[in-house]
Protein chains: 2
Amino acid sequence: MNISAASKAAGLPIKTVRYYADIGLVRAPSRSDAGYRTYDDAAVRKLVFIRRSREFGFTIEECRELLGLYQDKDRTSAEVKRIASKRLEEIEKKQRELQSLHDELAHLVKTCRGDHRPDCPIIDYLG
Amino acid sequence: MNISAASKAAGLPIKTVRYYADIGLVRAPSRSDAGYRTYDDAAVRKLVFIRRSREFGFTIEECRELLGLYQDKDRTSAEVKRIASKRLEEIEKKQRELQSLHDELAHLVKTCRGDHRPDCPIIDYLG
DNA sequence: CTTGACCTTTCAGTTACTGGAAAGAATAGA
DNA sequence: TCTATTCTTTCCAGTAACTGAAAGGTCAAG
């Protein structure tokens, strides 16, 4: 499987697949005589694993850890859970931040008349 | 006012104040003989304005626009409201994304036993 | 006069890619 | 077989919004 087939199968842009190889996250298992990266199903599975992990917002380094655990038959689920819980807390923190931002900004937007005149509670609040 | 006093008054790191000057967002109104940036109250007010805008998540370019409107006595509140509404929609979009991420991940974390054994619904889901 | 705090510029690094250029390799069609 | 197109390679640069560090000039206190 050349890189374009692998990238399609994994649901990732070619550039990204190459990037993941560069940083040693998921290397192509082999190269053709001409130097083309050649992927097999196992490599594609790893790419899919990374894509899903990234979709959850795990950083590349966390993905590296998770991929290590994915391939480690002696892993403990406690280790996986620790990483996932950390991410979950970050999500919850972000949610709280967004919520208060939302409430404040929504209030300002609601009270701004949005007409041709210059007076504006949004600007007043920021200034 | 030298840069450190201005940065304290504005609640921004010195590096950031210098950065904002570099990109032409808020330049120091003058320089001392030795070339030190010198800030006055009006400049500090602009820095505070930018800080608050950034806290709402407006991009630097949006901050530039907002600062322009802040200083424009002929602005219309409609223009301000348009920018703020756009940001509000982005926040709401992000909130929806985070909510579904949260629900999925929370479910996985809850069902993971987190013990010494390798079987793990989180890893299963990602793989 | 020296010490230490403060200021300057410039360069590099951060995250996770993405775009583009130049050039070699493979393939399909005439 | 020749050619046109597509695929691949590597390398370099850019993104957003800073942040850290290096190397050196300035200023106030003791």
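Below, read A as the first sequence line, B as the second, and so on, with proteins coming before strands; counting in each chain starts at 1.
Residue pairs satisfying the side-chain hydrogen bond (donor to acceptor under 3.5 Å, both in side chains) criterion with at least one member in residues 1-16 of chain A, sequence neighbours excluded, are absent. Here side-chain hydrogen bond (donor to acceptor under 3.5 Å, both in side chains) pairs that include residues 33-56 of chain B, with residues two or more places apart or in two chains, are R51(B)-E55(B). Residue pairs meeting the side-chain hydrogen bond (donor to acceptor under 3.5 Å, both in side chains) criterion with at least one partner in residues 111-122 of chain B, sequence neighbours excluded, are S77(A)-D115(B), R113(B)-D115(B), R113(B)-D119(B), D115(B)-R117(B).
Contacts between residues 38-59 of chain B and DNA chain D, defined by a heavy-atom separation below 4.0 Å, involve R54(B), T59(B), listed by number. The stretch residues 18-27 of chain B comes close to DNA chain D through Y19(B), Y20(B), each having a heavy atom under 4.0 Å from the strand. Applying a 4.0 Å cut-off to non-hydrogen atoms, none of the residues of residues 83-96 of chain A approaches DNA chain D.
For Y70(A), the ring-ring contact (aromatic ring centres under 6.0 Å, His included) partners two or more places apart in sequence, or in a different chain, are F49(A). Taking the ring-ring contact (aromatic ring centres under 6.0 Å, His included) definition, one finds that F56(A) meets it with Y125(B), sequence neighbours left out. Every residue two or more places apart in sequence or in another chain that forms a side-chain contact (heavy atoms from CB on, under 4.5 Å) with Q95(A) is listed here: I91(A), E92(A), L98(B), Q99(B), H102(B). In this view, F58(A) satisfies the ring-ring contact (aromatic ring centres under 6.0 Å, His included) rule with no residue, not counting sequence neighbours.
A straight line from NZ of K15(B) to P of dC11(C) spans 13 Å, rounded to a whole angstrom. The CD1 atom of I14(A) sits 15 Å away from the C1' atom of dG20(C) (whole-angstrom rounding). Between K8(B) atom NZ and dC6(C) atom C1' there is a gap of 10 Å when expressed in whole angstrom units. I3(B) places its CD1 atom 10 Å from the C1' atom of dT8(C), with the value rounded to the nearest Å.
Nucleotides of DNA chain D that come within less than 4.0 Å of any heavy atom of chain B span, from the 5' end to the 3' end, dA17(D) to dC27(D).
Both D33(B) and T16(B) lie near DNA chain D, and the one whose nearest nucleotide falls closer to the 5' end is T16(B). Along DNA chain C, the nucleotide closest to E61(A) and the one closest to N2(B) are compared, and the more 5′ of them pairs with N2(B).
For DNA chain C, if you chain together Watson-Crick or G-U pairs that step i with j, i+1 with j-1 and so on, the runs of at least three with distances under 3.5 Å are C:1-30 with D:1-30.
Within 6.0 Å of atom NZ in K110(B), 12 or fewer heavy atoms from other residues, nucleotides or ligands are found, so the atom counts as exposed in its surroundings.
Looking at D72(B) and E79(B), their side chains never come closer than 4.5 Å, going by heavy atoms from C-beta outward. Using a 4.5 Å heavy-atom threshold, the side chains of Y19(A) and L25(A) count as separate. Under the 4.5 Å side-chain criterion, counting only non-hydrogen atoms from C-beta, I83(A) is not in contact with I122(B).
Under 4.0 Å is where a charged nitrogen must lie from a carboxylate oxygen, and between E90(A) and K94(A) no such pair does. Between E89(B) and K86(B) no salt bridge is recorded (no basic side-chain N to carboxylate O distance below 4.0 Å).
The two residues L105(A) and A84(B) have their closest heavy-atom pair at CD2-O, 3.8 Å. The two residues A10(A) and V48(A) come nearest to each other via the heavy atoms CA-CG2, 3.8 Å.
Interatomic distance, R87(A) CZ to L66(A) CG, rounded to the nearest 0.5 Å: 11.5 Å.
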